[in-house]
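Below is one structure; the comments refer to it alone.
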Amino acid sequence: MDPVTIDTTKIKTVKKKPVTALEKLEDTGLISTVLAAREREGLILFSTVDQIFNWARLSSLWPVTSGLACCAIEMMAVAMAHHDIARFGMEIFRASPRQADLMFVAGTVTKRMAPRVKQLYEMMPEPKWVIAVGSCASTGGPYHESYAVLKGVDLIIPVDVYIPGCPPRPEAWLYGVIQLREKIKNEGYGAKWGLNK
Amino acid sequence: MNPAEELKQKLPAAVVSTGMQLNKPMAVIKKEELLNAAKKVKEMGFDHLSVITGTDYNDHFEVVYNFFSYEKKQNLVLKVITDHDNPEVDSLTSLWKGADWLERETYDLVGIKFTGHPNLIRILLPDGWVGHPLRKDYDMNTEQFVTMGEGGEDVVSTDGGNLLRRK
Ligand code: SF4
């Protein structure tokens, strides 16, 4: 077999409309260090492992189906056609924590529910993320001085993103989701060593 | 004639006073006569016992019963006053089945004991919770936590060690 020579000068820097799958991938900006051998029709791809992993993880976050109070109604609104969380690849609310990698803590965490929420979180496989939605899950909210409500879910499990509001509008949910995607994008050693863009 | 007055006419010995409570006819009943008065109230057509509540007035408790008659479309409120040290009234479960859970809730949160109730245990808070939280003298400074035992049952303690991430 002839050795394949890659002539990098042939790679055009002019930005044109992405057509092939590889070009579309490059265009997302998620994988910045893509070097493709055009001669072989885009079959070779260089990147850091972290970037590929992060890109895969953030593109299909599957939340676990769990709602604790009124905020969960808003979660349903986010999932429905109007706000359509499927645009972020998260429309599949998993009914089992073993298949989920994101937990929306949507609502009031009562003392009696707290150990169950913790167990649900522990049952999720790594990597996993948590979004605390609403003032209840963040601080206890309107029930801050109650005998029966935990003052924030971060007392029992680590939280990545807090969304304030009572309840937060669906747009606020989407903003929170985008913040989490931003966070996942910068996880891992690739980002730490400055290899990611 | 409003139903409270009617009740007073029928049972003058049981009714202490009558009046209005939030536009509903109200009668204050002697504690010993509650079961008799309730029987009469049921005969008068009040087929629905909608709410039972307890109120803490520091020196006494008030147990409030809200009745509704689907037939006459009328409301009636009965009140019973008990002492603060040992709040105890008769259970109405023999007359209205729905009183079961309402009385359990009042027992759970205010600590009123209903004699004759078939299953007077806590309904909202887990067993083992100390105190009745809607009482004025409930201790708000000791925080109680719930954890899960081996079989998934609730375990109440003041130490949230294996629940909380940081103390
Ligand atoms: S934050 Fe507001 S809307 Fe959300 S669960 Fe708490 S009380 Fe309900």
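Keep in mind that what you see is a predicted model, and the values were worked out from it rather than measured. Each chain gets a letter, A, B and so on, in the order the sequences are listed, and its residues count up from 1.
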Cluster question for you: counting only ILVMFWY and a side-chain heavy-atom cut-off of under 4.5 Å, with indirect links fine, are A/Trp129 and A/Met123 together? no
ILVMFWY network linking B/Val64 to B/Phe68, side-chain heavy atoms under 4.5 angstrom: no
Going by residue number, which parts of residues 138-156 of chain B are within reach of chain A, meaning a heavy-atom gap below 4.5 Å? B/Tyr138, B/Met140, B/Glu143, B/Gln144, B/Phe145, B/Val146, B/Thr147, B/Met148, B/Gly152, B/Asp154
More than 12 non-hydrogen atoms from neighbouring residues, nucleotides or ligands closer than 6.0 Å to CG on B/Asn23, yes or no? no
Do A/Leu174 and A/Leu102 land in one hydrophobic cluster if side-chain heavy atoms of ILVMFWY residues count as linked below 4.5 Å? yes
If I compare all heavy atoms of A/Ile156 with all of B/Leu163, which pair ends up nearest, and what's the gap? CG2-O, 3.2 Å
So does A/Arg87 have more than 12 non-hydrogen atoms from other groups sitting under 6.0 Å from CZ? yes
So if you build clusters from Ile, Leu, Val, Met, Phe, Trp, Tyr with side-chain heavy-atom gaps below 4.5 Å, do B/Leu49 and B/Trp101 land together? yes
Review item, side-chain donor-acceptor pairs of residues 9-20 of chain B, under 3.5 Å, at least two apart:
residue, atom, partner, partner atom, Å
B/Lys10, NZ, B/Glu6, OE2, 3.3
B/Thr18, OG1, B/Glu5, OE2, 3.2

With a cut-off of 6.0 Å (strictly less than), are more than 12 heavy atoms of other residues, nucleotides or ligands near CD of A/Glu145? no
Contacting moiety of A/Lys118, where chain B heavy atoms sit under 4.5 Å: side chain
So which part of B/Leu125 gets closer than 4.5 Å to some heavy atom of chain A, the side chain, the backbone, both or neither? both
Approximate separation, where rounding is to 0.5 Å, of A/Arg112 CZ and B/Trp129 CH2: 9.5 Å
Could you grab the distance from atom CD1 of A/Ile157 to atom CG of B/Leu164, nearest 0.5 Å is fine? 12.5 Å
Taking side chain as C-beta onward, heavy atoms only, is B/Arg165 less than 4.5 Å from A/Leu155? no
Would one find more than 12 heavy atoms of other residues, nucleotides or ligands at under 6.0 Å from atom NZ of B/Lys73? yes
